[in-house]
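Take a look at the structure below.
Note on naming: letters A, B, ... go to the chains in the order of the sequence lines (proteins, then strands), and numbering restarts at 1 for each one. Note that the coordinates shown come from a computational prediction; the quantities given were computed from them, not determined experimentally. Just so it is clear, the values below take in all heavy atoms, side chains as well, and ignore hydrogens, waters and symmetry mates.
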Amino acid sequence: MDRLESYECRDLNLKATELRLGLLGSDERESKSGSGVTKSHKRAFPETAEDCISSTNSSRTPDTDRNGELQDCTPPAKAQVVGWPPVRSYRKNNLQQTRKISSDHHHHGNGGGMYVKVSMDGAPYLRKIDLSVHRRYPELLQALENMFMVSIGQYSESEGYSGSDYAPTYEDKDGDWMLLGDVPWEMFSSTCKRMRIMRSSEAKGLGCQ
Amino acid sequence: MRDISAEVPGGGDYHPPCPDQVLENVLENVLQFLTSRRDRNAASLVCKSWYRAEALTRSELFIGNCYAVTARRVTERFCRVNSVVLKGRPRFADFSLMPPNWGAHFTPWLTAFGAAYHWLEKIYLKRMSITDDDLAQISLSFPSFKELTLVCCDGFGTSGLAILASKSRQLRVLDLIEDEVNDDDVDWISCFPENGTCLESLSFDCVEWPINFGALERLVARSPNLKKLRLNQFVTLGQLYQLIVRAPQLTHLGTGAFSPPEIWAQGSEEPDYEAAFSACRSLVCLSGFREVVPDYLPAIYPVCGKLISLNFSYANINAEELKSVICHCNKLQTLWVLDTVRDEGLEAVATTCKDLIELRVFPIDASEDSEGFVSEVGLTAIAEGCRKLQSILYFCQRMTNAAVVAMSKNCPDLVVFRLCIMGRHRPDYLTNEPMDEGFGAIVMNCAKLTRLAVSGLLTDKAFSYIGRYGKLVRTLSVAFAGDSDSALKYVLEGCSNLQKLEIRDSPFGDSALRDGLHHYYNMRFLWMSSCRVTLQGCREIAQTLPQMVVEVFTSESTSVKDEDEYVDTLYMYRSLERSRNDAPAYVRIL
């Protein structure tokens, strides 16, 4: 959210004071526009629709238009647009890593997501889950249950996970495998490298840290 | 032509081959030497006999759009193919502009190839989906299989790689470039043949999870022909050392993390990295540096003098750090860097790298409102110093027409000019004019230009220049530009060699679309997203040009019902077939 706000401030400062030929000319150009369609057109653009502060296409009078904004078919200037600038997500994700000073192994997507891989014993493929969208263990566990269509059971400090065939575990920074829930959430989310939903039989003996 | 079945080899009457048959034999023998696919296409159009001869002798297949033709048609025409290049999704799919599961599946192709091309040796796929089963099938179907290159592909994982490694025993090349590789926790590196491999090139820098290093070491030790090795970021500098001392014959090296491991054994000394690099006398291409610790860059100084290609595009280094390396690289032809090196770093490049042919400057922060560390200053310096430049990709936040004009005049050999001013609609930083004149100069002065990507504030005028002067342009990328349909019309009417046109968020509508009717069949594809094209407009095109496949799609599940609604995306391509049958629900084929 910070980024959006700062862009807005910058936008007001720059655009409002910028000397641009486009300011007057933009109206002329719009009226010369070849397609001549005036009704508002739906555009299913959910990513930018969320970010748009004002609705697109609806208020295009010179007074309310963003100064200097020529393209009335694009979202207002301050919305973050999908796929722009055109840098492949592979590169974007890896560049995020190079900017970090610490040496932890999280994959940070755009907007600070913290993706870790989750495997489940018996399932052929791994999945990725974004830890940053959860704030507490119950939420995370629910998400895991939904993702793998499995029931994970109830956690208790002394017994671990009871009432199901599976127990969720994670590998921490030091390479140790721990039971989910043994440490406070903050510590977990900052040290978790990957997760594995283990069969209960194998999970015994963990969590005695 | 006389019926040659009258000839009975080894017995019966001898009938000398008829002149036509002789001619055809000669033709086949001559056509063997024709390698360029354009030449071959031309040859095949001469007459039926040439068509046949060409079809019999073509061994390398290039299919630029996997939906332009079916596998069956291809295998029916060409029967002796040993190498295939297949491309799937259009480029804008890389930027999340295409919803998932759109298509471009390799499986049906593999099935056809498996039946028809038993001696297939090489497969190159770009932007396609290939499964683990496909990888296994490759090993089964092609006993002489030698080279697999996957660029921007997905759908497969380490289990597939494991099968390929263990079953395709003549594998020479396994190059995974910017793919999405699933990690199934399989130690695929250990799966290569135990007695020794034929490996010449192994690239796995895009595999995002650690590999078994011990196994990799042993693999390198038993691969005497290995020349190209590109490691992923989980290989530390210490491990890199251990590999290159075993493989000083390497010509291309992806250095992995290029940072020392976190934990050093107490009291042990650091290896002599510089000596190890010195021993690599054939090294001409370096990349990697994924988590570079600049203090260790001096290790590569010994090889800089011979370097032809250097990829620092994941290396967060500043101007000084770049300078310390670049000053030795006087033979460099290809350089990829991050904009963290700033204009100053680019000035150093311009001073030393007089033979530079390709430059790419990527942004460390790929967002619209990022700071941007390079500008017109860097571009001008490159223009003045690197006169042999042929290809440039430059991300910045600030640019002037003057700098672009300077480049157009100083670098007449430019073939690829891609400038991305990240802030949308930005004018010339100094004059506040649109960037029309700069791009105009590029198309005017760079007579060899075939690929152009534009950005910044652009009016219809820029496009009139492109249409008038960009006669050789084959690929054009447009985003957030132009004022009216006229812009697109200029391009469609003027750029007679246009093959690939990708446009987003620009105010071009149905009227402009109609203007390209005469040309679309000569193109590989047209992509228009978030423009002003209506469903009705697209339908008209589809009806007028039955040989075009017109795909229309929307993000999410809302479909365009009202004929006057703008479509989200129009993706149109020529095809010899009717529309494909594997399109997902959100794709409407008109």
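- Of the listed residues B:Gly157, B:Ser313, B:Ser486, the one with more heavy-atom pairs under 4.5 angstrom with chain A than any other is B:Ser313.
- Using a 4.5 Å cut-off between heavy atoms, B:Cys152 contacts chain A through its side chain alone, with no backbone atom that close.
- Note on ring orientation: taking the six-membered ring where Trp is involved, the planes of A:Tyr137 and A:Trp185 are perpendicular (angle over 60°, cut-offs 30° and 60°).
- If you measure heavy-atom distances from B:Phe92 to chain A, you find no contacts under 4.5 Å at all.
- Under the salt bridge (Lys or Arg N to Asp or Glu O under 4.0 Å) criterion, A:Glu145 pairs with no residue, sequence neighbours left out.
- Proximity to chain A (any heavy atom under 4.5 Å) is shown, for B:Phe508, by neither the backbone nor the side chain.
- The side-chain tip of B:Arg290 does not point at the ring of B:Phe258 from less than 6.0 angstrom away and within 45° of straight on.
- In this view, B:Glu502 and B:Arg91 satisfy the salt bridge (Lys or Arg N to Asp or Glu O under 4.0 Å) rule, not counting sequence neighbours.
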